[in-house]
Amino acid sequence: MRKSQPSCFVFILVLTLCFFYSRGALSSILDDTASSEDFIGCLQSNSNNGTVISQLVYTPDNSSFQSIWEARVNNLRFIKPSTPRPSVIVTPADETQIQTVLYCTKKHRYEIRIRSGGHDFEALSSSAAVPFVMLDLVNMKSIDVDVGNRTAWVQAGALLGEVYYSISQKTNALYFPAGICPTVGVGGYLSGGGYGNLVRKYGTAADNVVDARFLDVNGNILDRKSMGEDLFWALRGGGASSFGIVLAWKLQLVPVPEIVTVFRVNITLEENATDILYKYQYVAPNIHPDLLIRVQISSENIGNTSKKTVRMSFEGLYLGKIEALLPLMDKSFPELKVRREICEEMTMVQSSLVLGDQGLTSSTPTEVLANQSAIARLWNYKHKSDYVRTPIPKSGLRKIWRKLFENDGSEIMIMYPFGGKMEEYSDTVIPYPHRAGVLYQLLKGVNLGDQTSDTTTVSLRRIDWVRGFDKFLEPYVSKNPREAYVNYIDLDLGVGSDTYEEASVWGERYWKRDNFKKLIRIKAKVDPENFFRHPQSIPVFSTSRSSF
Ligand SMILES: Cc1cc2nc3c(=O)[nH]c(=O)nc-3n(C[C@H](O)[C@H](O)[C@H](O)COP(=O)(O)OP(=O)(O)OC[C@H]3O[C@@H](n4cnc5c(N)ncnc54)[C@H](O)[C@@H]3O)c2cc1C
Ligand SMILES: *[C@@H]1O[C@H](CO)[C@@H](O)[C@H](O)[C@H]1NC(C)=O
Ligand SMILES: *[C@@H]1O[C@H](CO)[C@@H](O)[C@H](O)[C@H]1NC(C)=O
Ligand SMILES: *[C@@H]1O[C@H](CO)[C@@H](O)[C@H](O)[C@H]1NC(C)=O
Ligand SMILES: *[C@@H]1O[C@H](CO)[C@@H](O)[C@H](O)[C@H]1NC(C)=O
Ligand SMILES: *[C@@H]1O[C@H](CO)[C@@H](O)[C@H](O)[C@H]1NC(C)=O
Ligand SMILES: *[C@@H]1O[C@H](CO)[C@@H](O)[C@H](O)[C@H]1NC(C)=O
Ligand SMILES: *[C@@H]1O[C@H](CO)[C@@H](O)[C@H](O)[C@H]1NC(C)=O
């Protein structure tokens, strides 16, 4: 009788738990605690050196688990106790170890999340509502630049700043046309398309990827030739995490002048900013492709008063010297009043420091780009994307300013002009479809950096504001579909994926119909069991529905 008490107690406990948790949830919890040891055992017994691999495995019991997890959660909003952590983090250092991680993850029925630079807007690379293994590619960051062939092989865990720095160590006359922020990872960035300061001259970053090394769900390592053109197409803009694990990319480097010019101008409403921005919409997408001018916009109080204004910060990168830039500006956009004194000549890699949104300057040593810990982590936000294909009328701009004034100055709008080379590609060359006819990409968001969490009254009010602002902008942005950028992933767009109709609500916004359907067909071939998934991954439909 006595002896049976503990098991009886356990039995009642289990019954109680069954009462409170759905069966699925309970079995997940039990699997989780039961199998992380088994998982590590699996890694050890399938590695040629178990000691080595166990130094690359972290469970919540390891003292460094939290710091490893946090290190690349870029959106600080998600570093809070309620964000679900991985059951296990593995930081493999070679391709064979990644194969082992995939094998053991499947064997022990975890889901997997793949993390490169960790800049996912919704932290989907670091978190999941189910027990999961986080494959952290932080140790996969070799970069091999071949100046003669104008190519570079980069492992998927390398960061954009590391790529820029490595190229600049060999030459200032070549570059890779990638993104603005140096801490973004090539793994996620290239697999969603990727725009940057050379987009008007050379297209998206994914347009300039020429090969890849890729681990499929069956554990095979493939390159462009062995994976075939369809899968290679899907990986460059379709979101690689729906298909498998990118191990490395081969990049096509592009020629740049050894000296480029950067300028910045701030203008407020009192300085006719509305008129200037109105004109900007015509000029920036049509001006010479050697020049890219982006604008960051937010509201602020005028001095000490309660009266508000809008500040626009124009930032330009010109692929050439000041003396060639000035006449170009005089001819096309004199209203911006770009004078010699506000221009600075520098190398392309220095421009990545200056325009990298990190408060760095041209006198910051470029080594900083290769040293992520030297770069401050600033981002705590909710952001949403759009594309604008018709200039917003002045009356619309004025309505937008009034809407900004309803928020508290924590908001940001960033206009990023396309045109140039982007006009030359069809929407289906790669999955990234926001091409010809796009005047500019429009990001809008709110900063929560001064709040203790994203659930304070102030945070909730701001997030609510940006969602309302998104609705408010509908008449001014692209339609049918209203386009969105998958690298600015936004779960507000919907997560339904049982049928094409449900999934198209968000999928056609990221990829448009033809590309989305093609991605679904490719997914069904390469990962029919839907092992590689997240809330907005390319869906697999049950066979009865897959006839479309
Ligand atoms: C501060 C900041 C600045 C940005 N600037 C730009 C910009 O200038 N231009 C631009 O186009 N975008 C920009 N972005 C968006 C950026 O491209 C995306 O957030 C991108 O997904 C980040 O890639 P990552 O590797 O850093 O992120 P991660 O969070 O590591 O990954 C993002 C997604 O890609 C998947 N993934 C990562 N690595 C792999 C892999 N090896 N194989 C398969 N799937 C993988 C992840 O599972 C996840 O689904 C910026 C984002 C931030 C936060
Ligand atoms: C495993 O690697 C460790 C560290 O590199 C080394 O000391 C050890 O000898 C290796 N063991 C075997 C069996 O190769
Ligand atoms: C984490 O803890 C596990 C279990 O104690 C151990 O095997 C592993 O080596 C630890 N990881 C690291 C990186 O120390
Ligand atoms: C290009 O790459 C090949 C193979 O790596 C190499 O043999 C060749 O020398 C390179 N060409 C130049 C011009 O560097
Ligand atoms: C523009 O305004 C921003 C925000 O107030 C400020 O940080 C920056 O220094 C200003 N730049 C110039 C060139 O005045
Ligand atoms: C704003 O525009 C008006 C009318 O075109 C002009 O008179 C005024 O000088 C401009 N102000 C500035 C600061 O450029
Ligand atoms: C701003 O307001 C503060 C306090 O209300 C006052 O002391 C200060 O003089 C004001 N500054 C200006 C520039 O008006
Ligand atoms: C990276 O930056 C940090 C912080 O500035 C510094 O302490 C460290 O020495 C740097 N590492 C390298 C390799 O330069």
Side-chain angles (χ1 to χ4, degrees), residues 71-72 93-95 116-119 137-190 194-199 201-213 246-262 290 292 317-321 344-377:
R72 287 191 176 187
D94 65 41
E95 293 183 344
S116 169
H119 282 52
L137 297 176
V138 63
N139 291 325
M140 297 290 292
K141 55 176 192 174
S142 81
I143 298 170
D144 192 0
V145 178
D146 181 342
V147 173
N149 285 308
R150 293 190 172 183
T151 55
W153 271 107
V154 300
Q155 283 186 318
L159 308 179
L160 298 183
E162 295 168 345
V163 175
Y164 299 153
Y165 177 74
S166 299
I167 297 170
S168 75
Q169 286 301 93
K170 296 204 163 169
T171 173
N172 280 319
L174 294 176
Y175 218 60
F176 184 65
I180 293 134
C181 170
T183 53
V184 168
V186 300
Y189 173 82
L190 288 170
Y195 72 90
N197 289 329
L198 296 175
V199 74
K201 178 93 174 175
Y202 293 113
T204 68
D207 294 328
N208 295 281
V209 169
V210 290
D211 205 339
R213 288 178 64 76
V246 174
L247 302 169
W249 303 101
K250 187 180 186 184
L251 314 179
Q252 179 72 63
L253 306 183
V254 299
V256 290
E258 298 206 22
I259 301 291
V260 301
T261 303
V262 171
D290 284 348
L292 185 141
L317 172 70
Y318 177 63
L319 301 179
K321 293 191 176 177
E344 189 184 355
E345 290 180 345
M346 59 188 75
T347 59
M348 194 62 206
V349 69
Q350 287 175 312
S351 81
S352 293
L353 286 170
V354 174
L355 297 172
D357 289 334
Q358 296 279 358
L360 305 174
T361 70
S362 56
S363 47
T364 308
T366 55
E367 284 72 26
V368 164
L369 292 170
N371 180 1
Q372 205 204 176
S373 56
I375 298 182
R377 297 169 74 205

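One is the number of the first residue; the rest follow in order along the sequence.
Distance check, rounded to the nearest 0.5 Å: CH2 of Trp153 to CG of Asp211 gives 4.0 Å. Taking OG from Ser351 and CG from Leu319, the interatomic distance works out to 8.5 Å, rounded to the nearest 0.5 Å. In this structure, the separation between SG on Cys181 and OH on Tyr189 is 11.0 Å, given to the nearest 0.5 Å. Leu360 CG to Thr366 OG1: the interatomic distance, rounded to the nearest 0.5 Å, is 11.0 Å. Residue Thr183 holds its OG1 atom at 6.0 Å from CD1 of Ile375, rounded to the nearest 0.5 Å. Put simply, CD on Glu258 and OG1 on Thr171 are 6.0 Å apart, with the number rounded to the nearest 0.5 Å.
Proximity of a side-chain donor or acceptor of Lys170 to a complementary backbone N or O of Val147 within less than 3.5 Å is not detected. In this structure, the side chain of Thr261 engages the main chain of Gly320 through a donor-acceptor pair within 3.5 Å. Judged by distance alone, with hydrogens and angles left aside, the side-chain atoms of Asn208 form no donor-acceptor pair with the main-chain N or O of Val254 at under 3.5 Å. Remark: side-chain polar atoms of Glu345 are not paired, donor with acceptor, to backbone N or O of Ile259 under 3.5 angstrom. Although no hydrogens or angles enter the test, the distance criterion places a donor-acceptor pair under 3.5 Å between the side chain of Ser116 and the main chain of Ala156. With hydrogens and angles ignored, the 3.5 Å screen pairs a side-chain donor or acceptor of Tyr202 with a backbone N or O of Pro255. Proximity of a side-chain donor or acceptor of Trp249 to a complementary backbone N or O of Leu190 within less than 3.5 Å is not detected. Using modelled atom types, no side-chain atom of Tyr195 and backbone atom of Ala178 make a donor-acceptor pair closer than 3.5 Å. Under the 3.5 Å distance criterion, the side-chain polar atoms of Gln155 are matched with a main-chain donor or acceptor of Ser142. In this structure a side-chain-to-backbone donor-acceptor pair under 3.5 Å is present from Gln252 to Arg150.
Residue pairs that meet the salt bridge (charged side-chain N to carboxylate O under 4.0 Å, His left out) test with at least one member in residues 348-366, sequence neighbours left out, are Arg294-Asp357.
Across all their heavy atoms, Ser362 and Met346 have their closest contact at CB-CE, 4.1 Å. Counting all heavy atoms, side chain and backbone alike, Pro257 lies closest to Val260 at O-CG1, 3.9 Å. For the residue pair Gly356 and Pro182, the shortest heavy atom distance occurs at O-CD, 3.9 Å. Among all heavy-atom pairs drawn from Leu159 and Gly117, the shortest one is CD2-CA, 3.8 Å.
Within the 4.5 Å cutoff, no side-chain heavy atoms of Glu162 are placed close to those of Leu369. By the 4.5 Å heavy-atom criterion applied to side chains, Asp146 and Lys250 are not counted as neighbours. The side-chain heavy atoms of Glu95 and Met140, taken from C-beta on, include a pair separated by under 4.5 Å. You'll find the side chain of Val145 stays beyond 4.5 Å of the side chain of Gln169, heavy atoms only. No side-chain heavy atom of Ile167 sits under 4.5 Å from any side-chain heavy atom of Val349. Looking only at side-chain heavy atoms (C-beta outward), Val186 and Leu160 come within less than 4.5 Å of each other.
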CA sep, side-chain torsions, deciding dist, call: Val209, Leu251, side-chain contact (heavy atoms from CB on, under 4.5 Å): CA-CA 5 Å; Val209 169; Leu251 314 179; 4.2 Å; yes
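With Lys201 as reference, Asp290 is the one residue of Asp290, Leu292, Leu317 to meet the side-chain contact (heavy atoms from CB on, under 4.5 Å) rule.
The ring of Tyr175 has its center closer than 6.0 angstrom to the ring center of Tyr164.
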